[in-house]
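In what follows, chains carry the letters A, B, and so on, assigned in the order in which the sequence lines appear, proteins first and then strands, with residues in each chain numbered from 1. Treat the numbers as computed from the prediction; the structure is a model and nothing was measured.
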Amino acid sequence: MSEQISRYEPHHIEEKWQNIWEGKKVFTVTEDSAKEKYYLLEMFPYPSGKIHMGHVRNYSIGDIIARFQRMRGFNVLHPMGWDSFGMPAENAAIQHGTHPAKWTRENISYMKAQLKKMGLSYDWTREAATCSPDYYKWNQWLFLKMYEKGLAYKKKSYVNWCPKCETVLANEQVIDGICWRCDTSVEKRDLEQWFLKITNYAEELLDDLDKLKGWPERVGTMQRNWIGKSIGAEIDFPVDNSQDKIKVFTTRPDTLYGATFMSIAPEHPMVEKLVANNQQRAVREFLEKIKKQDRRSQAEAFIEKEGVWTGSYCINPLTNKKIPIYIANFVLMEYGTGAVMAVPTHDQRDFEFAKKYNLSMEIVIQPKDKKLDARTMTEAYVDDGILVNSEKFNGMDNKDAVAAIVKHLEEKGIAKKSISYKLKDWGISRQRYWGCPIPLIYCDSCGTVPVPYEKLPVILPEDVEFTGEGGSPLAKSSEFIKTRCHWCGSNSAKRETDTMDTFIDSSWYFLRYTSPLENSLPFNKDKARYWMPVDQYIGGIEHAVLHLLYSRFFTKVIRDIGLVTIDEPFTNLLTQGMVIKDGAKMSKSKGNVVDPDDLIKKYGADTARLFSLFAAPPEKDLEWSDESVDGSYRFLNRVWRLVEECRVQGFKGSRVQGGKDEETNLKYPLWQEMNKTIKKVTDDIERFHFNTAIAALMEYLNFLYKYEDKGSPLFKDAVETLIVLLSPFAPHISEELWQMMGNKEMLANREWPSYDEKALIKEEATLVVQINGKVRNRINIPAGSSQKEAEEIASNDEKIKEWLKDKKIKKVIYVQDKILNVVVG
RNA sequence: GCCCGAGUGGCGGAACUGGUAGACGCACAGGACUUAAAAUCCUGAGGUCGCAAGGCCGUGCCGGUUCGAGUCCGGCCUCGGGCACCA
């Protein structure tokens, strides 16, 4: 009896088990047609230096599911890698003189060690880093395939340009019109850039959202809004005294009779032609002014609608009236045709514009319940109604008029049905060094020439200079630029020096994981067929549109290239909430950051995992709490102590669940409690209610603590069940306790327990007796009692008798084993 | 402005299809152990009135449906997020 109860020392056991798992390759998987696959993926991190609490949460959630599904017999693919191209590496080079490659490599190795310390069940043999030539070679390969299919093209467009850094900036890198890095005012520049034709897939990307039943509704909504499909028509407006015509896009052809002027975008290609001599100066001044306005802050501040008359007119094709053509600051060249037929009575923007410039207004839609008057209206009427002032269409319901008017115009050959999208082609050129080179060369005689497939990858040169000024280091590396034309052999060809947007890297990495060593294609087709699609994808909501939309696009392109057969990459999506402290997202600037290193150092990985799952449901924000971490740690200590006490005292024996003594087992509340807990934890993990699964384990532990006969035959089973159920949440302590109980087999390889349905059947039920819907008493009744029996028992109850005294019973509602509601008058 | 999401004890959160509101945890209080503290173990607890038994009130607000509403419907309020001149 001298044996002491050992203490729970997380660090000791965590490192031990991490080494065992790794040494025995427990989580290394291969394709196995005999087993059902399960592909679980968490969004891979950018190697910024250290993992943060958001990562801890994301990867803890993923690991629960991976370990759980593994124990349930699935062949689980659970890989990890690095989204390792990007600006921070380059900034580190500029600020500290560290080469981006070195900085990134070091960060990866540090963060990988951190992830290993968390005990995550990754198959590290599949690790991929997007900055490695083995990986980005296939970015280039895919780009060339798209180029061949006409899906990659170059065009001039307006981009954010920082004159000091001499580079294009992404929208999110422009803060209030100012460069985030050097505080210089950002300009718009018309630059030649490479684009991917994501708009070719707009319709499919939109339609297939309906197939994604396992995605949160709001992500679908956000993508739907982003794609922004509008059905309408394109209508030609002849220019007065000219052969030209202006094409407009409208969703409201029914209001065409009310189009009393035309607005075109400042960048509209016809502007120059349309400006009359006497308006030259006014237009020039206006365009100068517009140029200075930043489009983004313009949107935020609701800048006043402004415009200038071109001096020209066009003809409304239905009224045949001359209507003035204006250049307006709110018309976007990027959307529709860059020209808008203005109906001030039925469009709020046109209304405001018309009021400002005193333009004529004509009502063409009258609502049924009131009478509009153009002279007195204070805002545009945009709802449905009956057509007026529209010649032969008068009296028609405006919804019917849409089709009727388009048909009429189509017959005249001046309109056609049209669909417009907000979604724009994806501009992927970056004047940045730390990214994947675009594999093209420019030859004086041959033009744009793709680098041949066999010459891939175009390697990013390492010996370049980082000054932070004068644009991309790549554009100054003559060694990189100078190349030979693969067609004509000319030695004066030049390489493209732009690199690809890093979102390209992450648009197909989930495919690379299926065969990370494949060297003849981006990935092995057979292996991808086995593993894809990803069954469960987990990551932050911030990628609702960008990454998730791009990945869907890439998957469809890759399908059309013939490498996969699936249409969608991610069957189920879980978007986890942020980690919050003191009411705000953790950030260095707010000084409210909790370092996972400190957390693990103090409590161990099991506590860190448990806390991040227990404190909130996964899709909600998680408020950090030191005390709550203590609580999780305390729980693990309690588990440890229970097992240790029992072990030191010696378990009396074991009875295997479902054995020949099943009938006897059923009599024990312990047996019932154990089975109830198995069911609860299993169901809760399945629906991602990890917090309540842990709560059930805590309740079960409390029950075991209070259980008097700890030496009883069933108790060992009951304790072992606790350990097994705990293992996906806190794998290290579970393995250790499992071993301490004398088990040889590794817990990670054990099957998830099933429960005995019979144990869940109760003999007694608590009947809630209500009088007029108010709870008046709770009575134990035999389970499965009929209404008659229940009424009989309730009517004999003293309290209920008292409540029913002198009352007339009007009605009785009975829900078996739950409620008896007596309605009295 | 438009589109989502959320409002439940002192706090994080439970309550699967309308059926015992507040599981579990934290913090708190009382007790046990200890010379003492920490740790641990046990107990208590939504508010309010009451010595008690027990009553009444209670899931952001107002109203409705229902025998019965945190849950469904209508109208607001507050907070969080996304989009933002998209013709």
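- Taking the charged nitrogens against the carboxylate oxygens, A:Asp797 and A:Lys799 have no contact shorter than 4.0 Å, which rules out a salt bridge.
- With RNA chain B read from its 5' end, the first of the two nearest nucleotides for A:Asn702 and A:Trp226 is the one closest to A:Asn702.
- If you measure from atom CZ of A:Arg776 to atom P of B:G55, you get 6 Å, rounded to the nearest angstrom.
- In the set B:C85, B:A87, B:A15, the nucleotide with an atom closest to the side chain of A:Arg687 is B:A15.
- For B:G13, the base adopts the anti conformation, since its glycosidic angle falls more than 90 degrees from zero.
- The side-chain tip of A:Arg641 does not point at the ring of A:Tyr8 from less than 6.0 angstrom away and within 45° of straight on.
- B:G10 and B:C3 have their P atoms separated by 35 Å, given to the nearest Å.
- Of the listed nucleotides (B:A87, B:A14, B:U20), B:U20 has the atom at the smallest distance from the side chain of A:Arg778.
- Contact annotation: side chain of A:Lys811 to base of B:C67, donor-acceptor pair absent below 3.5 Å.
- Taking a pair to require two hydrogen-bonding distances under 3.5 Å in either a Watson-Crick or a G-U wobble arrangement, B:G1 pairs with B:C83.
- Checking B:G13, B:G68, B:C26 against the side-chain heavy atoms of A:Asn821 singles out B:G68 as nearest.
- Ion pair A:Arg224/A:Asp210 flagged as a salt bridge, since at least one NZ, NE, NH1 or NH2 atom sits closer than 4.0 Å to an Asp/Glu carboxylate oxygen.
- One interatomic measurement links the two molecules: CD of A:Glu619 to P of B:A14, which rounds to 9 Å at whole-angstrom precision.
- Phosphate contact (OP1/OP2 of B:C4, side-chain N/O of A:Asn225, threshold under 4.0 Å): absent.
- The existence of a salt bridge linking A:Lys229 and A:Glu203 is confirmed by a sub-4.0 Å separation between a basic side-chain nitrogen and an acidic carboxylate oxygen.
- The side chain of A:Lys706 has B:C42 as its nearest neighbour among B:C42, B:G19, B:A15.
- You'll find that the side chain of A:Glu699 is closest to B:A23, out of B:G19, B:U40, B:A23.
- Atom P of nucleotide B:G54 and atom CD of A:Glu798 are separated by 13 Å, given to the nearest angstrom.
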